[in-house]
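Everything below concerns the one structure shown next.
All ligand and atom numbering here is 1-based and tracks the order in the structure. Nothing here was measured: the structure is a model prediction, and the numbers come from that model. Values below: all heavy atoms of this structure, side chains included; hydrogens, waters and symmetry mates excluded.
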Amino acid sequence: MLTLRNPATEAVIHEMPHATVDDVDAAIAAAKAASPAWRALSPVDRTRLLRRFADTIGAHADELAELETRNMGMPLGSSTWCANAVADTIHYFAGAVEKHTGSSIPVAGGVDVTFHEPLGVVGLITPWNFPMLMASWKIGPALAAGNAAVLKPAEITPLTTMRLAELALEAGIPEGVLNVVVGPGSKVGWRMVEHPDVRKIGFTGSTEVGKRLMVGCADQVKRVTLELGGKSANIVFADADLEKAALAAPGAVFDNSGQDCCARSRVLVQRSVFDRFLDLFIESSRAWKVGDPMAADTAMGPLVTAGHLAAVRSYSDGLDTVFTGEAPTGPGYWHPVMIATPAYDAVVCHEEVFGPVAVVIPFDDEADAIRICNDSVYGLSGSVWTRDGARALRVARAMEAGTISVNSNSSVRYATPFGGFKQSGLGREHSMHALDHYSELKNVFISTD
Ligand code: NAP
Ligand code: MG
């Protein structure tokens with residue numbers, strides 16, 4: 001039996017059986033059966049159904065937000081933002097259906113046209129940190145491109161994803177087009193990797209599991225896209241608006257209790273303003289209220305599980321911090337925000353903590369900042385703070401990461417591509433690029449002889 005707990009109280013909120021491999025096979029069969037009619041639907045009808053799905057999600061945003069907060073622990077303000085972003089994401093891809101066009105190419109002896117063909121059945125695997133948001137990033141392009149999907153959410157946070165599947169049916173998405181199975185990744189998720197009827201795996205999660213899936217997909221040359229871990233840099237130059245950068249810095253790393261793949265957990269600060277910026281960063285972190293995620297003024301809730309709390313503590317226990325915030329003692333899986341300035345070779349400067357722990361590292365000049373930023377196996381996101389526009393662009397271009405912001409910490413807009421360099425991933429989500437990863441490009445030559 002799968003037992004789900006509210007991370008803020010440890011109270012049991014739901015119990016349900018684990019899905020089995022047979023359940024996955026049944027879901028894949030249902031998707032396969034639904035696939036021909038879904039792909040054959042006229043684009044305008046597919047758009048209309050997806051828009052109705054998006055509107056239904058929007059109408060249930062408060063309910064979804066509360067469910068997410070109780071299951072996952074993120075503050076209600078964040079989960080409300082997420083629920084609306086889920087609706088917006090589905091709307092974006094609903095609108096994209098008719099705009100994902102092929103091309104005609106001038107060739108000798110005829111005409112040549114390209115088509116984006118649906119893959120068929122796709123397997124989607126999502127993590128626990130932003131459950132419904134990550135689900136929407138995959139459901140949107142997968143369904144818009146004409147595929148049927150089997151989605152496996154992280155077992156510990158399945159409730160909003162299950163609800164999304166119900167809302168899809170309510171909105172008129174045909175049965176079998178979107179299926180959700182809730183079971184352990186190593187069995188239920190892996191079955192989708194092995195199953196010959198699943199043509200693609202769309203995965204968000206850890207780099208470790210992502211690598212395993214890539215190997216598993218190799219056997220059938222199964223398509224795979226990966227959104228993985230990160231250790232992103234927040235680079236603050238001496239000429240930046242330091243007050244503004246420092247006000248934004250806590251959110252960039254402590255948001256969602258640091259359980260964010262885009263967390264700017266390495267704060268790189270130019271040496272000449274290091275002490276001043278650190279003081280400002282500590283000051284703004286003091287105002288970062290940790291507590292009841294249902295309360296309106298809470299900035300940060302608990303960590304997701306006791307197990308994850310222990311994993312974060314393996315980095316933070318004994319860490320020599322320059323600031324440790326306040327947090328409830330329990331019940332609940334609480335961890336305070338922490339800022340530290342460890343020696344550069346410390347493990348915490350290089351590994352993804354996935355908790356509210358920031359390291360602040362000095363640099364000398366632009367070249368030094370870029371060198372430190374790129375000294376990572378990861379490359380998901382990052383920020384540059386400077387008033388020098390040319391430098392902002394130079395540094396952004398030199399950063400080995402997929403999703404950069406200048407004088408901002410924002411990473412995610414559904415209309416712009418999102419994804420990682422190096423071991424942070426493969427492929428892109430959001431934007432029209434996502435549709436390319438949920439379809440095959442077909443080329444047809446027509447002779448005019
Ligand atoms: P995880 O342990 O890799 O799990 C992710 C998903 O994969 C879960 O649904 C999990 O199922 C499933 N899974 C685990 N082993 C599997 C296997 N052998 N075969 C198939 N599926 C398997 O990651 P997590 O702990 O949930 O999430 C944290 C990680 O996700 C962090 O590294 C974070 O950076 C990354 N992340 C990346 C992004 C991004 O967009 N780049 C976004 C969010 C999170 P069960 O857990 O149910 O067993
Ligand atoms: Mg995990």
Side-chain angles (χ1 to χ4, degrees), residues 2-4 16 18-19 21 24 71-72 74 82 89 123-138 150-159 161-162 180-195 198 201-217 222 224-232 253 255-265 303-305 307-312 351-355 376-382 401-403 411-412 414 417-430 434 437:
L2 174 62
T3 301
L4 306 179
M16 60 190 281
H18 302 271
V21 165
V24 188
N71 191 176
M72 189 275 159
M74 71 170 68
C82 284
T89 301
L124 312 176
I125 303 177
T126 52
W128 49 259
N129 61 336
F130 288 98
M132 64 176 150
L133 192 64
M134 295 299 105
S136 73
W137 290 16
K138 294 179 168 33
V150 179
L151 168 49
K152 194 214 90 63
E155 259 208 319
I156 54 174
T157 56
L159 297 180
T161 304
M162 289 159 56
V180 172
V181 284
V182 181
S186 56
K187 293 198 178 97
V188 160
W190 191 256
R191 180 65 177 168
M192 300 203 291
V193 174
E194 290 178 325
H195 202 295
V198 175
I201 297 291
F203 173 79
T204 297
S206 62
T207 295
E208 183 197 341
V209 173
K211 288 177 184 176
R212 232 177 293 152
L213 297 191
M214 211 173 163
V215 172
C217 286
K222 191 166 287 192
V224 60
T225 44
L226 305 170
E227 296 291 351
L228 308 175
K231 187 77 181 175
S232 295
V253 50
D255 196 33
N256 209 29
S257 304
Q259 303 163 128
D260 181 346
C261 52
C262 288
R264 275 83 163 148
S265 51
L303 297 182
V304 72
T305 57
H308 187 58
L309 177 60
V312 171
E351 292 186 6
E352 182 183 47
V353 176
F354 225 53
S376 174
V377 297
Y378 296 115
L380 187 54
S381 63
T403 312
S411 303
V412 170
Y414 48 77
F418 174 85
F421 281 24
K422 301 193 281 189
Q423 293 188 29
S424 284
L426 189 68
R428 290 294 177 270
E429 299 200 289
H430 283 325
H437 292 291

Evaluating non-hydrogen atoms only, which member of [options] is closest to [atom]?
{"atom": "atom 23 (O) of ligand 1", "options": "G420, S206, G230, S186", "answer": "S206"}
{"atom": "atom 10 (C) of ligand 1", "options": "Q259, E155, K231, K152", "answer": "K152"}
{"atom": "atom 5 (C) of ligand 1", "options": "T204, T207, I201", "answer": "T204"}
{"atom": "atom 36 (N) of ligand 1", "options": "P131, G185, C261", "answer": "C261"}

Part of [X] within contact of ligand 1 (heavy atoms, under 4.0 Å):
{"X": "D260", "answer": "neither"}
{"X": "P153", "answer": "backbone"}
{"X": "I156", "answer": "neither"}
{"X": "E429", "answer": "neither"}

Should you measure from each heavy atom of L380, which atoms of ligand 1 turn up under 4.0 Å away?
41 (N)

Who passes salt bridge (charged side-chain N to carboxylate O under 4.0 Å, His left out) against E429, sequence neighbours left out?
K138

I'd like to check the salt bridge (charged side-chain N to carboxylate O under 4.0 Å, His left out) partners of K222; sequence neighbours left out, ordered by chain and number.
none

Any N or O of [X] that comes nearer than 3.5 Å to an N or O of ligand 1?
{"X": "T126", "result": "yes"}
{"X": "G205", "result": "yes"}
{"X": "E352", "result": "yes"}

Aromatic ring centroids of F130 and W137 under 6.0 Å?
no

Check the side chains of S411 and T403 for a donor-acceptor pair under 3.5 angstrom, ignoring hydrogens and angles.
no

So how far is it from N256 CG to N129 CG, rounded to the nearest 0.5 Å?
6.0 Å

Would you check, one step at a time, whether the test side-chain contact (heavy atoms from CB on, under 4.5 Å) holds for L213 with I125?
CA-CA 10 Å; L213 297 191; I125 303 177; 4.1 Å; yes

Between ligand 1 and F130, can you find any atom pair, the residue atom being a heavy atom, that is separated by under 4.0 Å?
no

